[in-house]
Amino acid sequence: MNYYKFIILTFVVTALWDVVLRFMALNPQKVPNIINETMPFIKDLNPYFKEHTLLSAALIAGFVGATTQPLILKITPFPKSLLDFPYLVKFLLVTFVISALYGFVMKATKLFPRLDKYYYNKLGVVKSMYHDGISGLIVQITLLFLLSLRKI
């Protein structure tokens with residue numbers, strides 16, 4: 001896939017996952033208990049999503065995904081095969097680390113004051129890094145899945 005198309009796809013996938021996260025944050029009663037119990041931070045995002053429209057929050061998330069992906073790809077290009085397990089693990093590890101560290105960039109730029117207020121300040125450094133890293137993995141695994149479907 002063309003590099004720029006891939007960045008756009010990353011933007012779209014990240015934005016769509018943000019829509020899912022928004023639904024879970026604003027409707028915790030409709031989310032399975034196991035998710036509410038294991039990921040209580042999702043409910044903490046309720047005020048953040050109430051201050052953003054669906055589109056604005058999704059655009060912010062998409063922007064973050066699309067600006068993080070080039071850094072990841074510079075260090076570790078996207079896997080050519082899901083069967084190259086050692087490389088896949090390396091790629092996902094780099095994704096986790098870059099995604100976790102990217103929160104510092106977001107905080108330092110002060111471009112996302114509501115995200116600071118309702119997410120980073122509430123969770124603290126370690127938990128927010130962990131959740132940002134997991135978010136990056138969710139997006140990458142989705143992309144791996146979508147691109148593997150394309151090859152079938």
Gap separating the [atom1] atom of [X] from the [atom2] atom of [Y], nearest 0.5 angstrom:
X	Y	atom1	atom2	answer
T95	L137	OG1	CG	6.5 Å
E51	N46	CD	CG	10.5 Å
K80	L147	NZ	CG	12.5 Å

Going through the distances and angles, do V105 and T68 end up as a side-chain contact (heavy atoms from CB on, under 4.5 Å)? CA-CA 10 Å; V105 173; T68 306; over 6 Å; no
Should L21 and M24 be marked as a side-chain contact (heavy atoms from CB on, under 4.5 Å) after you check the CA-CA gap, both sets of side-chain angles, and the distance that decides it? CA-CA 5 Å; L21 185 61; M24 292 190 304; 4.1 Å; yes
V139 vs T10, side-chain contact (heavy atoms from CB on, under 4.5 Å): CA-CA, chis, key distance, verdict: CA-CA 7 Å; V139 169; T10 302; 4.3 Å; yes
If you compare all heavy atoms of [X] against all heavy atoms of [Y], which two are closest, and at what distance to 0.1 Å?
X	Y	answer
A100	M129	CB-O, 3.2 Å
K127	L123	CB-O, 3.5 Å
T76	V94	OG1-CG2, 3.2 Å
T109	M106	OG1-O, 3.0 Å
I42	I35	CD1-CG2, 4.0 Å
P79	L144	CG-CD2, 4.1 Å

In the single-linkage hydrophobic clustering (I, L, V, M, F, W, Y; side-chain heavy atoms under 4.5 Å), do [X] and [Y] co-cluster?
X	Y	result
V20	V13	yes
V126	L45	no
L71	L92	yes
L9	L82	yes
L143	L83	no

Hey, are the side chains of Y3 and P70 touching, using non-hydrogen atoms and a 4.5 Å cut-off? yes
Could you tell me if the side chain of I60 sits less than 4.5 Å from the side chain of Y48, heavy atoms only?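 Counting from C-beta outward, Y48 and I60 do come under 4.5 Å.
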Main chain of [Y], side chain of [X]: is a donor-acceptor contact present, judged purely on distance under 3.5 Å?
X	Y	result
S99	F96	no
N121	D116	yes
R22	F49	yes
D132	Y102	no
S148	F145	yes
N27	Q29	no

Apply side-chain contact (heavy atoms from CB on, under 4.5 Å) to residues Y119 and D44 and explain how you reach the verdict. CA-CA 7 Å; Y119 182 71; D44 294 337; over 6 Å; no
Qualifying ring-ring contact (aromatic ring centres under 6.0 Å, His included) pairs with a residue from residues 58-94, counting only residues at least two apart or across chains: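 Output for this query lists F6-F78, F78-F91.
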With a cut-off of 6.0 Å (strictly less than), are more than 12 heavy atoms of other residues, nucleotides or ligands near OH of Y130? no
More than 12 heavy atoms from other groups under 6.0 Å of NZ on K107: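 Yes - once you tally the heavy atoms of other residues, nucleotides and ligands closer than 6.0 Å, there are more than 12.
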Is there any side chain to side chain donor-acceptor pair (under 3.5 Å) pair reaching into residues 52-64, and which pairs are they, with sequence neighbours excluded?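 Applying side chain to side chain donor-acceptor pair (under 3.5 Å) to every pair that reaches into residues 52-64, excluding sequence neighbours, yields H52-S56, T53-S56.
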